[in-house]
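The figures here come from the full heavy-atom set of this structure, side chains too, leaving out hydrogens, waters and symmetry mates.
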Amino acid sequence: MRRPWGKLVKVMPASLKLPRRDGLLAPYTLTGRAPITAPPGPIRSRIGMAAVHVVADPLATINPTLEVALDWDATLRYRHHIWSLGLAVAEAMDTSQRGMGFDWRAAKELIRRTVAEAKTVRGAVLASGAGTDHLEPGPHVTIADVEAAYEEQCAWIEGCGGRIILMASRALVACAKGPGDYFKVYGRILAQVREPVIIHWLGDMFDPSLEGYWGSRDLDQATETLLTIVQEHAARIDGVKISLLDQAREVAMRKRFPANVRMYTGDDFDYPTTIRGDGDRHSDALLGIFDVIAPAASAALKALDGGDLARYADILAPTLTLSRLIFRAPTRFYKTGVVFAAYLNGHQSHFRMVGGQESARSMVHLSEQFVLMDRAGLLRDPDLAATRMRRVLAVAGVE
């Protein structure tokens with residue numbers, strides 16, 4: 001029987017021209033793959049924290065390379081999106097451009113608003129970054145100055161009712177004379193915190209100013225310094241996030257952690273295996289890429305909850321290829337890919353960033369990201385994403 005509205009018409013996936021590395025344009029037709037969705041409910045077997053981005057206000061009357069203005073509605077709405085998937089939020093971290101245009105004054109307001117917002121969401125998990133980024137490194141900065149700067153930021157977060165992620169300090173690496181200064185600073189701060197914190201070791205591939213953190217450019221020596229701090233202050237430490245893109249070092253370190261201290265992987269190159277674990281210990285996750293792949297991350301972790309290792313691996317495998325592109329050197333510019341993904345997926349109405357960082361990746365790079373997101377099932381509305389990709393290309397002169 002013929003339907004009253006006529007024949008069914010198969011909708012063909014969108015096509016567009018994308019720039020290639022050889023300088024030519026090539027047609028690309030979207031796969032037509034259905035976007036990944038996660039089943040409802042909490043994640044139980046792992047902690048999955050997404051280090052989330054901020055949404056700039058593109059119409060604010062400011063100098064966008066020197067000043068910060070956020071779209072607060074869109075910024076907070078994105079945090080609700082992450083919580084709705086059962087993921088936790090890591091706030092005011094490097095993903096939100098701390099140290100790359102997003103200053104402590106703006107971070108204070110972001111933390112205050114997000115902590116208040118989290119209290120309205122049942123089961124919402126949130127932790128916020130405390131550092132020393134309001135203290136400019138210089139020849140007159142002392143260890144006491146670093147301690148005071150950390151204390152100020154920790155006090156703000158705890159005063160808001162939040163939990164602390166203790167971030168690496170550019171001022172500390174600039175003035176420390178050796179491992180002893182790290183023992184002193186971290187010992188003092190950890191003695192004061194109200195709840196156990198997450199310590200973040202951010203590698204110099206993310207921030208070149210942090211080369212030599214923990215008092216040595218030798219990573220083995222630096223590792224021993226951090227392990228000593230963890231062992232001496234285990235009761236004050238929830239876990240450690242390692243952002244070195246070094247899976248072997250992460251696995252070796254977590255074997256030496258006290259039983260109560262978690263390893264939070266920050267390895268955006270190899271997270272599926274570190275999260276899955278080796279039968280002895282596993283890593284939880286605190287990842288910038290979880291901002292981009294949030295539905296897939298949630299679906300995969302829930303598959304892991306049910307012991308379905310095959311589905312867990314199948315979901316994450318194509319996201320790993322995407323992540324390795326987004327975090328390709330210079331790794332510190334990965335934030336551009338994070339915000340680009342949010343724009344493609346309709347979480348914000350524009351592709352503008354704090355500090356003008358939308359220009360930090362090439363059009364070829366962004367085009368490759370678009371293709372990999374499509375192949376991974378990470379375009380929640382492929383037609384919308386194709387339309388927005390065309391707009392970005394048009395600005396670059398591709399019609």
Arg79: partners by side-chain hydrogen bond (donor to acceptor under 3.5 Å, both in side chains), with sequence neighbours left out:
Glu91
Pairing residues for Arg236 by the salt bridge (charged side-chain N to carboxylate O under 4.0 Å, His left out) criterion, not counting sequence neighbours
none
Could you tell me which residues satisfy ring-ring contact (aromatic ring centres under 6.0 Å, His included) with Phe206, sequence neighbours excluded, listed by chain and number?
Tyr334
Residues pairing under ring pair (Phe, Tyr, Trp, His ring centres under 6.0 Å) where one sits in residues 358-399, two or more places apart or in two chains, turn out to be none
Sequence neighbours excluded, the answer for ring-ring contact (aromatic ring centres under 6.0 Å, His included) partners of Phe340 is Phe351
Qualifying ring pair (Phe, Tyr, Trp, His ring centres under 6.0 Å) pairs with a residue from residues 41-74, counting only residues at least two apart or across chains:
His53-Tyr78
By the ring pair (Phe, Tyr, Trp, His ring centres under 6.0 Å) test, which pairs, at least two apart or in different chains, include something from residues 178-200?
Tyr182-Tyr213, Tyr182-Trp214, Tyr186-Trp214
Can you name the residues that form a side chain to side chain contact (heavy atoms under 4.5 Å, CB included) with Val121, not counting sequence neighbours?
His80, Trp83, Ala124
Partner residues of His233 under the ring-ring contact (aromatic ring centres under 6.0 Å, His included) criterion, sequence neighbours left out:
none
Suppose we screen for salt bridge (charged side-chain N to carboxylate O under 4.0 Å, His left out). Which residues come up paired with Glu117, at least two apart in sequence or across chains?
none
Output every pair passing ring pair (Phe, Tyr, Trp, His ring centres under 6.0 Å) with a member in residues 240-291, not counting sequence neighbours, ordered by first then second residue.
none
Sequence neighbours left out, what passes side-chain hydrogen bond (donor to acceptor under 3.5 Å, both in side chains) with Glu195? Give chain and number order.
none
